[in-house]
Amino acid sequence: MNDQSNDVDGTETRTTTRQVLVVGATRGLGLALVEEYVGRGAHVVATERTDGPSGLRTIAERHREAVEVERLDVTRPDQVAALREWLRGRTFDLLLVVAGISLAPRDAAGVDIATADFTRMMETNVLGVMRTVEGLDDLVAAEGAVAVMSSGQGSVANNTSGGFEVYRATKAALNQMVRSYAVRQSSGSRSILLLAPGWVRTDMGGPGAVLEVSESIPPLVDTVEAQRGRPGLRFLDRHGDDVPW
Ligand SMILES: NC(=O)c1ccc[n+]([C@@H]2O[C@H](COP(=O)([O-])OP(=O)(O)OC[C@H]3O[C@@H](n4cnc5c(N)ncnc54)[C@H](OP(=O)(O)O)[C@@H]3O)[C@@H](O)[C@H]2O)c1
């Protein structure tokens with residue numbers, strides 16, 4: 001995935017590799033995003049929460065020139081600050097924050113969740129993700145994109161089936177926080193994207209999910225790339241269609 005700049009006579013003068021920063025990339029959708037971007041020729045900095053063997057480490061071994069692995073737990077503001085400092089001077093075309101957790105069974109009533117689990121889900125999916133966005137966004141090019149993995153379940157308007165009550169609440173809260181963030185960025189030229197990848201067979205999505213990763217991530221990346229040069233906030237599914245708030 002390269003950007004080509006041309007002289008006025010049309011001769012190519014410069015080719016630059018897309019620079020992508022993926023937060024929460026050890027497995028599942030984050031890992032698939034790393035693989036997809038590397039496959040499209042991008043250079044990727046990808047984060048892991050803890051060290052040790054992972055799908056990400058395997059990909060990074062296989063693509064040493066294209067993938068760098070850094071440490072980030074989104075619930076650790078000190079680690080957000082350290083990563084920001086470590087990457088000082090770098091510019092990314094795209095920041096993708098994918099990290100997220102779901103701790104309660106599908107059919108559990110929201111009020112039955114342990115308080116510690118509720119707090120941990122909110123801390124990770126909302127506060128941690130937003131601190132990561134706000135802490136790293138000045139590494140993103142002025143015309144670049146900040147993309148956050150939301151969920152169709154974050155749509156309040158579409159919630160007619162219930163289920164995953166607290167998880168839904170975290171993604172709805174995340175959407176609201178990103179909307180407020182976008183208001184503060186409204187004079188800027190970056191794309192700000194909330195993404196709904198569909199229900200996908202990962203550790204979180206489970207074996208009953210309707211989509212393979214390979215059915216979700218390539219169209220999702222097409223959708224992100226189609227937003228290049230389009231400033232402002234959108235909540236989009238993998239096909240690029242608006243998701244009702
Ligand atoms: N799968 C679906 O159907 C689906 C649908 C809609 C939205 N989503 C969203 O897509 C994102 C990825 O989901 P997934 O299905 O790929 O889930 P997953 O397979 O459970 O992977 C979750 C990823 O998030 C990382 N993570 C968790 N807590 C973190 C933290 N505190 N700091 C940094 N990274 C952390 C995990 O790292 P570790 O390996 O270290 O735990 C892992 O890499 C989530 O935000 C999820 O809500 C998923």
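Only this structure's heavy atoms are used, side chains among them; waters, hydrogens and symmetry mates stay out. Just so you know, ligand 1 is whichever comes first in the structure, and atom 1 is the first atom listed for that ligand. The chain is numbered in sequence order, starting from 1.
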When you measure from the side chain of T75 to the backbone of G128, do you find a donor-acceptor pair of N or O atoms at a distance under 3.5 Å? no
Could you tell me whether Y167 and ligand 1 have an N or O pair separated by under 3.5 Å? yes
Using modelled atom types and a 3.5 Å cut-off, is there a donor and acceptor pairing between side-chain atoms of T223 and backbone atoms of G240? yes
Under 4.0 Å, heavy-atom basis, I'd like to know which part of K171 is in contact with ligand 1: side chain, backbone, both or neither. side chain
What side chain to side chain donor-acceptor pair (under 3.5 Å) pairs are there with at least one residue in residues 233-245, not counting sequence neighbours? Q227-R234
Nearest heavy-atom pair of E134 and Y181: which atoms, and what distance? OE2-CD1, 3.5 Å
Does the S216 side chain pair with the main chain of V213, one donor and one acceptor, at a distance under 3.5 Å? no
For atom 22 (C) of ligand 1, which protein heavy atom lies nearest, and how many Å away is it? G100 O, 3.7 Å
Min N/O separation R27 to ligand 1 under 3.5 Å: yes
Among non-hydrogen protein atoms, atom 33 (C) of ligand 1 lies closest to L72 O, 3.4 Å
Sub-3.5 Å N/O-N/O distance, D73 and ligand 1: yes
Identify, for atom 43 (O) of ligand 1, the protein heavy atom at the shortest distance, and state residue, atom and that distance. T26 OG1, 2.7 Å
For G28, atoms of ligand 1 separated by under 4.0 Å from a heavy atom: 16 (O), 19 (O)
Atom 23 (C) of ligand 1 - nearest protein heavy atom and its distance: G24 O, 4.3 Å
Test item: R84 side-chain N/O and L136 main-chain N/O as donor-acceptor pair under 3.5 Å: no
Under a 4.0 Å heavy-atom limit, does I101 contact ligand 1 with its side chain, its backbone, both, or neither? side chain
Say whether, by atom type as modelled, one donor and one acceptor occur between the side chain of S150 and the main chain of L195 under 3.5 angstrom. no
Carefully, step by step, assess E123 and R120 under the rule salt bridge (Lys or Arg N to Asp or Glu O under 4.0 Å). CA-CA 5 Å; E123 183 185 16; R120 200 169 136 224; over 6 Å; no
The atoms of ligand 1 lying under 4.0 Å from a heavy atom of W199, numbered in the order shown, are 3 (O)
Can you list the ligand 1 atoms lying under 4.0 Å from a non-hydrogen atom of A99? 24 (O), 26 (N), 33 (C), 34 (N), 35 (C), 45 (O)
Group every Ile, Leu, Val, Met, Phe, Trp and Tyr by side-chain heavy-atom contacts under 4.5 Å, then state whether I101 and M177 land in the same group. yes
The protein heavy atom nearest to atom 3 (O) of ligand 1 is V200 N, 2.7 Å
Nearest non-hydrogen atom to atom 5 (C) of ligand 1 belongs to which of G198, S151, G30? G198
What pairs with A99 under side-chain contact (heavy atoms from CB on, under 4.5 Å), at least two apart in sequence or on another chain? V74
Within the structure, is a non-hydrogen atom of A209 found at a distance of less than 4.0 Å from ligand 1? no
For atom 15 (O) of ligand 1, grab the closest protein heavy atom and report residue, atom and distance to one decimal in Å. T202 OG1, 2.5 Å
Sub-4.0 Å atoms of ligand 1 with respect to non-hydrogen atoms of D203: 19 (O)
Honestly, for V23 the part within reach of ligand 1 (heavy atoms, under 4.0 Å) is neither
Heavy-atom nearest neighbour of atom 12 (C) of ligand 1 within options T124, T170, L195, V98: V98
Under 4.5 Å between any side-chain heavy atoms of E215 and V200, yes or no? no
Donor-acceptor pair, side chain of R131 and main chain of V80, under 3.5 angstrom: no
State whether the shortest distance between N or O atoms of P197 and N or O atoms of ligand 1 falls below 3.5 angstrom. no
What are the atoms of ligand 1, with element, lying closer than 4.0 Å to any heavy atom of G205? 1 (N), 3 (O)
Looking at ligand 1, does S150 have a heavy atom less than 4.0 Å from it? yes
Just to confirm my output: which protein heavy-atom neighbour is closest to atom 40 (O) of ligand 1, and how far is it? R49 NE, 2.9 Å
Would a distance-only check, ignoring hydrogens and angles, find a side-chain to backbone donor-acceptor pair under 3.5 Å from D93 to Q19? yes
What protein heavy atom sits nearest atom 16 (O) of ligand 1, and how far away is it? L29 N, 2.7 Å
Quick one: does R168's side chain have a donor or acceptor within less than 3.5 Å of a partner on G163's backbone? yes
Side-chain donor/acceptor of H63 to backbone N/O of H43, under 3.5 Å: no
With respect to V74, determine whether any N or O atom, backbone or side chain, lies less than 3.5 Å from an N or O atom of ligand 1. yes
